[in-house]
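Scroll down for the structure; my scribbles are underneath it.
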Amino acid sequence: MNYETFYSDSILAPERFWETQAKEISWYKAPKTILSKDENDYPLWYADGELNVCYLALDKHIEEGYGNQTAIIYDSPVTQTIKRYSYNEVKTEVAKLAGGLLALGLKKGDTAVIYMPMIPQAAFAMLACARIGVTHSVVFGGFAPHELAIRIDDCKPRVVITASSGIEIDRLIAYKPLVDEAIALAEHKPKKVVVFNRKLGARIPFKKYDVDYDALVYGSEEAPCISVPATHPLYVLYTSGTTGKPKGIVRDTGGYATALKFSMKYIYGSQQDEVFWAASDVGWVVGHSYIVYGPLLNRNTTIIFEGKPIKTPDASTFWRIIDDHQVRIMFTAPTAIRAIKKEDPQGEFIKQYDLSSLRTQFLAGERCDVATLEWYNQHIPVPAIDHWWQTESGWPMIANMMGVEYLPVKPGSAGKAVAGYDIRILSEEGQELGPNEEGYVVIKLPLPPGTMKDLWQDNARFQAGYLQKFPGYYFSGDGGYKDADDYIYITGRVDDVINVAGHRLSTAEMEEIVSSHHSVAECAVIGIHDELKGQIPLALVVTKTGETIEHFQLQHEVVQLVREQIGAVASLRDVVIVERLPKTRSGKILRKLLRSIADGDIFQIPSTIDDEAIIDEIAETLNEGKIGVFKKK
Ligand code: COA
Ligand code: AMP
């Protein structure tokens, strides 16, 4: 197949293209209306179709005779467990859990929060919700109670489904007390908390709202799949935005199922019954799309991996898993490869395993730097494919479409636009830019099926954040450029979102927390370059007049505050005290300038700055703390 023809078909005749793709999944009621508009005039796919994603992920395969195929492999180096679940087994457990949730009073249209470590029960909970039309919202287990409480208040779940504990390399994390703390903090009070007891020794403080997961599953009848409209919200997934309040990305059902099935075939080039492994977490969009729904819809075997690329027990884990489970397609973040490279620069571990099953390595979550790509290519003889997408899109927007045509890889580029995405580069004024000119990465509407439908109960924010900057286009929040061959290079976020070890975080949210410290008058949190994690946050603080707190004490207290409020994943370690922050004459902090100083980039002093001397002061302070190099133009 030829990429150019395939791509232009999708852009020139989107309705026809996606009508064909919708036929690749089963519908209870096939859509007659392919593309229409919602009440806010936003494109809507398959408005009159009806289906159930849990049916497509499980029951359908069983009906077609594949019930004994392995659906999920749970590989947990941290508990030294490997367990396989067939499609039959997953379906029975999911249907009973769904029956249990119905017995707890949940019904179509309700919401449920899932706060789980990387165990199969997390996927069972998601699928059980989908089975009965309950919209789930999975919250990453690394987020602190405060973050969980924000999400509980926003999506108002009837139940929270959790586990007794998670394991982080060297420590057991008791989840249940975190859930109790979040519920105490939240204004909205869920009716029940379903707790899966992992029996690892974590304390499970009992509350009246608790329900034991096992008792619920074993005491319940299997619930059938219900038919939901294609536009029914399958899930809400919160992601960091440019304010302290996370954004609840709403995903539909019909468009998403169609897009995932499409992507498994045409982007990942995956055939049914192959082993597909996305080494991510169910708390992120990658986990939703390519640990749970995508591979199961496509009748692959998926792997739920409870571990890290290193230290569980060492940098050989990825290779051991590929060999043990005959992984055909793998997906991870470049930061994971950098972590492995650091521990095993010569790739000695790689030589100890048979990786011949592996066909393609996909990388996403952050830009794949050229050094990481080269190291991978030097040690592993399969294509390493960078691809670009976001929580909002739900599936890749720029990639090498391996199931269509394998195009030459250009290091530093995530490839060309995926079929369905009309990607343009615009200037601040909304003019389309030419080859190699850097600007805002936008997508001409309509976005293809499966992309975000709205922000949860906040359409005004959806319009303001994504649609109003460039009318007629979706604004991705990323900057980048296209070369003369239409390869797209993503250069990074143009807003206050940073990417720390593949985790998307908001510096605005961190600023709110840092500012709440009693000694802090004002602050700026910026993302600076980090060899391993890509970016890490740096807090620059101005203390209150007359404040005598020692730097080390302030740093310790601020770091603790951020860990308590957001979670350890924020990875804030450096807090620098400065006399003043550089501002424009209208009082806006010049964060981009601060980033350039800290990253040692050559920069131009903005003409809008109120006092140039501040730059030298800050550069000196950072240099003293060995952060950044001063390179004024
Ligand atoms: N629950 C509780 N705590 C968690 C957590 C979770 N689910 N996930 C991470 N944390 C904690 C870690 O224990 C660590 O705490 P510490 O500061 O007390 O040590 C902190 O959050 C930072 O964790 P992490 O970002 O994982 O850094 P690390 O130094 O432990 O590991 C990497 C570095 C690169 C190995 C790791 O970040 C990694 O595997 N990244 C890939 C991420 C990924 O796949 N993202 C999905 C993108 S598609
Ligand atoms: P998330 O919503 O957590 O998936 O984060 C999405 C953001 O991560 C994007 O807006 C980009 O800034 C960044 N990102 C993800 N994948 C890539 C990639 N392949 N290249 C460059 N940036 C990426």
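The shown structure was predicted, so the numbers you read here are calculated from the model rather than taken from an experiment. Just so you know, ligand 1 is whichever comes first in the structure, and atom 1 is the first atom listed for that ligand.
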At the 4.0 Å heavy-atom cut-off, does Arg338 count as touching ligand 1?
no
For atom 34 (C) of ligand 1, the closest protein heavy atom turns out to be Thr335 OG1, 3.5 Å
Measure the spacing between OG1 of Thr507 and CD1 of Ile526 and express it to the nearest 0.5 Å.
9.0 Å
Before signing off on this row, confirm whether Thr332 and ligand 1 have an N or O atom pair separated by under 3.5 Å.
no
Ile490 heavy atoms within 4.0 Å reach ligand 2 at atoms 21 (C), 22 (N)
Flag Arg563 as yes when one of its N or O atoms lies below 3.5 Å from any N or O atom of ligand 1, and as no otherwise.
yes
For atom 7 (N) of ligand 1, what's the nearest protein heavy atom and its distance?
Gly142 N, 3.4 Å
Contact partition for Ala279 relative to ligand 1, non-hydrogen atoms under 4.0 Å:
backbone
Within 4.0 Å of some non-hydrogen atom of Arg367, the atoms of ligand 2 are 18 (C), 20 (N), 21 (C), 22 (N), 23 (C)
Out of His387, Lys247, His503, who is nearest to atom 19 (N) of ligand 2 when you count heavy atoms only?
His387
Arg595/Asp599 salt bridge by N-O under 4.0 Å criterion:
no
Which residue from Ser280, Ala339, Ala568, Ser571 reaches closest to atom 46 (C) of ligand 1 through any of its heavy atoms?
Ser280
Would you indicate which of Ile337, Ile310, Asn499, Val286 comes nearest to atom 48 (S) of ligand 1 when only heavy atoms are counted?
Val286
Taking atom 47 (C) of ligand 1 as the reference point, the nearest protein heavy atom with its distance:
Gly502 O, 3.6 Å
Side chain, backbone, both or neither: the part of Ile173 lying under 4.0 Å from ligand 1 by heavy atom
side chain
Knowing that exactly one of Phe262, Trp395, Tyr235 qualifies, which makes a ring-ring contact (aromatic ring centres under 6.0 Å, His included) with Tyr256?
Tyr235
Does at least one non-hydrogen atom of Trp284 fall below 4.0 angstrom from an atom of ligand 2?
no
Glu366 with Arg504: basic N within carboxylate O range, under 4.0 Å:
no
Per-atom contacts of ligand 2 with Thr391, taking only distances under 4.0 Å to non-hydrogen atoms
1 (P), 2 (O), 3 (O), 4 (O)
heavy-atom search around atom 10 (O) of ligand 2 in the protein gives Arg493 NH1, 2.8 Å
In this structure, does ligand 1 have an atom that sits under 4.0 Å from one of the heavy atoms of Met118?
no
Does only the side chain of Arg573 get under 4.0 Å from ligand 1, or the backbone, or both, or neither? Count heavy atoms.
side chain
Protein heavy atom under 4.0 angstrom of atom 5 (C) of ligand 1, is there one?
yes
Scan Asn400, Ile398, Leu407 and name whichever one has a side-chain contact (heavy atoms from CB on, under 4.5 Å) with Tyr487.
Leu407
Run the numbers for me: atoms of ligand 2, each under 4.0 Å from some heavy atom of Glu366, listed by number.
14 (N), 15 (C), 16 (N), 17 (C), 18 (C), 19 (N), 20 (N), 21 (C), 22 (N), 23 (C)
Among all the protein's heavy atoms, is there at least one whose distance to atom 41 (C) of ligand 1 comes out below 4.0 Å?
yes
Nearest non-hydrogen protein atom to atom 25 (O) of ligand 1, with distance, is His503 NE2, 3.4 Å
Tell me the protein heavy atom at minimum distance from atom 3 (N) of ligand 1, and give that distance in Å.
Glu168 CG, 3.5 Å
Can you name the atoms of ligand 1, numbered from 1 with element, that are less than 4.0 Å from a heavy atom of Phe140?
7 (N), 8 (N)
Can Gly477 be said to touch ligand 2, with heavy atoms closer than 4.0 Å?
no
Could you tell me whether ligand 1 has any atom less than 4.0 Å away from a heavy atom of Pro309?
yes
Please write down residue, atom name and distance for the protein heavy atom closest to atom 33 (C) of ligand 1.
Lys533 CE, 4.3 Å
So which protein heavy atom does atom 37 (O) of ligand 1 come closest to, and at what separation?
Ala501 CB, 3.4 Å
Protein contact of atom 7 (C) of ligand 2 - nearest heavy atom, named by residue and atom, plus distance:
Asn499 ND2, 4.0 Å
Before signing off on this row, confirm whether Arg171 and ligand 1 have an N or O atom pair separated by under 3.5 Å.
yes
If you define the side chain from C-beta out and look only at heavy atoms, does anything of Leu237 sit under 4.5 Å from Trp284?
no
What orientation do Phe305 and Phe318 show, parallel under 30°, tilted 30 to 60°, or perpendicular over 60°?
perpendicular
Are any of the N/O atoms on Ala336, whether in the backbone or the side chain, positioned under 3.5 angstrom from an N/O atom of ligand 1?
no
Give me the ring orientation class for Phe276 and Tyr290: parallel if the planes are under 30° apart, tilted from 30 to 60°, perpendicular past 60°.
tilted
Any salt bridge between Asp422 and Arg424, counting N to O under 4.0 Å?
yes
If you define the side chain from C-beta out and look only at heavy atoms, does anything of Glu511 sit under 4.5 Å from Asp496?
no
Identify, for atom 31 (O) of ligand 1, the protein heavy atom at the shortest distance, and state residue, atom and that distance.
Lys308 NZ, 4.1 Å
Quick check on the 6.0 Å ring-centre criterion: do Tyr440 and Tyr473 meet it?
no
